[in-house]
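The chain is numbered in sequence order, starting from 1. What you see below is based on every heavy atom in this structure, not just the backbone, and it leaves out hydrogens, waters and symmetry mates. In this text, all values refer to a predicted model and were calculated from it rather than measured experimentally.
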Amino acid sequence: MELYKLPAHKLHQLIKKREVSVEEVIISLFKRIEEVEDKIGAFLSLDKEEALKEAKKWDKRLSREENPGILAGIPIAIKDNICVKKRETTCASRILKGFYPPYSATVIKKLKEAGCILIGKTNLDEFAMGSSTENSAFKITHNPWNLETIPGGSSGGSAAAVASGEATMALGSDTGGSIRQPAALCGVVGLKPTYGRVSRYGLVAFASSLDQIGPITKDVTDCAHLLKVISGKDELDSTCLDYPVPDYPKFLLPDVKGIKIGLPEEYFIGGIEKEVKENILKSAKLLEKLGAHLEQVSLPHTEYAVATYYLIATAEASSNLARYDGVGYGYRTKEEKNLIDMYKKTRQEGFGDEVKRRIMLGTYVLSKGYYENYYGKAQRVRTLIKRDFEKVFQKFDALITPTSPTVAFRIGEKIDDPLKMYLSDIFTISANLAGIPGISIPCGFGRNHLPVGMQILTKAFNEEMLLRIAYTYEQNRVNS
Ligand code: GLN
């Protein structure tokens, strides 16, 4: 049996019974990485030596421990916009090349306490801006299901690493769909928690009112365990809420009897691939057969979500990215005439095209005279989108939608057409605007035998419900 293929909860059984050592798990993972990483390109950096050192430490410790935690000794990959102390954190941007954070993100501390072993940092669209991972300044990541297609984005490296067996699990970040969409396109599980569920301390900010860190895993069980570990209040992030963390794995019950699920009509419109739509409807029917109650619902402001998101996200990004001026972090131009010139050249040379496009757009929408017409209006529409969800969740426990309108597209297909690329997130961004949680789980295959993802949404702080529905579906799925 190849250890790299197993989800964390299965590895845990073997580790606990001492049938395998943590060192063997890490060796299996790195052997797999050596075999396929050339073709996939999921990682920006790897740390085999440190991982092996940690593994040995855990093996020693586990030999004394009766009941090790479920993530003790489990290898994990981290999206390279999450700070790990003294490990280069680039956000796939030239401007952060050479930035070694002097501290670790709260989620990293929590993972370490749980015993996870960090194996490397994964590729992403520069500063998490994109839907295909093609905006990385350093490399292209390929979808393990078809190397000519994109893995989705912006957490494409994390999703591809889990799908290819290069990582047992991974962390991603989701501002408008960046966990769920790559998870869908790579055939793995990805969950964006409620805004405020997981600390953002140490996550490099893109759009602070939308960003959340979340798990990317091989199955729903691993997702529940990883979510439990990273969730909870943090003094270092004032937007992280003081809500008790439920024992998420307890909600992995294969039972949806009486659960009310809505199918929003606005999510099954033109532009969506026939096979994607068929798969989602078939999957919803399966849940109905298992006892759920299905009904069509409406979220009338959905059509404004993409426009609203690209105003708010770019506005926040333009402000967050102002700090990269060649002084505090990473890269500085070699050719400076004076201070202002140094700022300008550093940013000109350090940022890629998509990041510059967003800084310009964001600066514009925040500028005097336009602020009310664009940013102010977008904030008001955001409230309307949020209210749409609040209204349906008074009657329904969850919503089911496609995660992405298409399966993985070809590398290069949309890179020159930003508007087309922006539409990849049409089904995921509303959840970020409303602050609600969402999960994407594999639900069969579409065009060219590429994976399709089903998205489940619930009201804020109801991840238990997401996990329960997802688990029931996973246990009963008959792959088409
Ligand atoms: N694709 C969206 C964007 O480009 C969302 C990215 C994300 O969730 N980080 O902004």
Side-chain angles (χ1 to χ4, degrees), residues 79 124-125 128-133 150-156 158-159 172-195 197 206-207 209-216 223 262-264 266-269 271-273 276-277 279-280 299 301-314 382 385-386 388-389 398-409 414 418-443 451-460 463 466 470:
K79 186 176 181 180
L124 63 150
D125 287 297
M129 297 175 186
S131 309
S132 65
T133 313
I150 54 100
S154 62
S155 314
S158 286
S173 70
D174 191 312
T175 305
S178 279
I179 289 175
R180 291 160 287 158
Q181 186 255 17
L185 271 38
C186 288
V188 294
V189 174
L191 185 145
K192 179 200 94 74
T194 306
Y195 185 79
R197 174 76 291 181
F206 162 11
S209 77
L210 302 159
D211 298 339
Q212 270 291 288
I213 296 172
I216 297 182
C223 180
L263 294 171
E266 293 80 3
Y267 284 65
F268 293 90
I269 34 99
I272 167 172
E273 278 174 6
V276 170
K277 185 170 169 178
N279 257 304
I280 304 299
L299 298 163
H301 296 95
T302 303
E303 64 173 303
Y304 307 112
V306 174
T308 306
Y309 170 84
Y310 278 96
L311 291 173
I312 294 175
T314 55
R382 179 178 189 173
I385 291 169
K386 190 161 176 268
D388 279 357
F389 282 110
L399 297 171
I400 281 184
T401 80
T403 307
S404 157
T406 67
V407 292
F409 45 89
K414 300 191 183 174
L419 289 183
K420 238 192 203 163
M421 188 72 92
Y422 294 173
L423 288 177
S424 311
D425 298 309
I426 187 158
F427 298 145
T428 47
I429 58 184
S430 296
N432 301 74
L433 291 168
I436 61 171
I439 192 171
S440 177
I441 52 169
C443 73
V452 174
M454 167 164 78
Q455 176 174 242
I456 310 171
L457 303 169
T458 57
K459 66 178 180 198
E463 280 82 353
L466 288 185

Checklist line | Check: G172 main-chain N/O paired with S155 side-chain donor or acceptor under 3.5 Å | finding: no
Notebook entry, point to check: Can you name the closest pair of heavy atoms from T403 and S440 and give their distance?
Noted result: OG1-OG, 2.9 Å
Item checked: For K386, all residues meeting salt bridge (Lys or Arg N to Asp or Glu O under 4.0 Å), sequence neighbours excluded -> E390
Checklist line | Minimal non-hydrogen separation, I439 against C223, with atom names | finding: CD1-SG, 4.3 Å
Margin query: I need the I312 CD1 to T175 OG1 distance, nearest 0.5 Å.
Written below: 13.0 Å
Next item on the list: Measure across Q212 and T194 and return the closest heavy-atom pair with its distance rounded to 0.1 Å.
Entry: OE1-O, 3.1 Å
Margin query: I need the full list of salt bridge (charged side-chain N to carboxylate O under 4.0 Å, His left out) pairs touching residues 426-437, with sequence neighbours left out, sorted by first then second residue.
Written below: none
Next item on the list: Could you list all the side-chain hydrogen bond (donor to acceptor under 3.5 Å, both in side chains) pairs where at least one residue sits in residues 304-314, not counting sequence neighbours?
Entry: none
Check: How many angstroms lie between OG in S430 and CD1 in I385, if you round to the nearest 0.5 Å?
Finding: 5.5 Å
Margin query: Can a side-chain donor-acceptor contact be found between K79 and S158 if the only test is distance below 3.5 angstrom?
Written below: no
Output side-chain donor-acceptor pairs under 3.5 Å for residues 177-192, partner residues at least two apart or in another chain, one line each.
unit_1	atom_1	unit_2	atom_2	d
S178	OG	S154	N	2.7
S178	OG	S154	OG	2.7
R180	NE	D174	OD2	2.9
R180	NH1	T428	O	3.1
R180	NH1	Q455	OE1	2.8
R180	NH2	D174	OD1	2.9
R180	NH2	D174	OD2	3.4
R180	NH2	T428	O	3.1
R180	NH2	N432	OD1	2.7
Q181	OE1	G153	N	2.8
Q181	NE2	S131	O	3.1
K192	NZ	I436	O	3.1

Note to self: So, using side chain to side chain contact (heavy atoms under 4.5 Å, CB included) as the criterion, who are the partners of P264 when residues are at least two apart?
What the structure shows: E266, Y267, F268, V297, L299, L399, T401
Next item on the list: Locate the shortest heavy-atom distance separating D425 from G176; write the atom from each residue and the value.
Entry: CB-O, 3.7 Å
Check: Roughly how far, to the nearest 0.5 Å, is CG of L210 from OG of S173?
Finding: 11.5 Å
Notebook entry, point to check: C443 and G453: which non-hydrogen atoms are nearest, and at how many Å?
Noted result: SG-C, 4.1 Å
Note to self: Has E273 got a side-chain atom pairing as donor or acceptor with V407's backbone, closer than 3.5 angstrom?
What the structure shows: yes
Next item on the list: Please examine the side chains of V452 and P402, heavy atoms only from C-beta on, and report whether any two atoms are closer than 4.5 Å.
Entry: no
Next item on the list: Output the distance between atom CD1 (I272) and atom CD1 (I280), rounded to the nearest 0.5 Å.
Entry: 7.0 Å
Margin query: Nearest 0.5 angstrom please: M129 CE to L124 CG, how far?
Written below: 10.5 Å
Next item on the list: Would you give the length of the straight line joining atom CD1 of I456 to atom CD1 of I400, rounded to the nearest 0.5 angstrom?
Entry: 5.0 Å
Margin query: How close do F389 and A434 get, counting heavy atoms only, and between which atoms?
Written below: CD1-CB, 3.6 Å
Checklist line | Residue list, side chain to side chain contact (heavy atoms under 4.5 Å, CB included) with L423, at least two apart or on another chain | finding: V306, I426
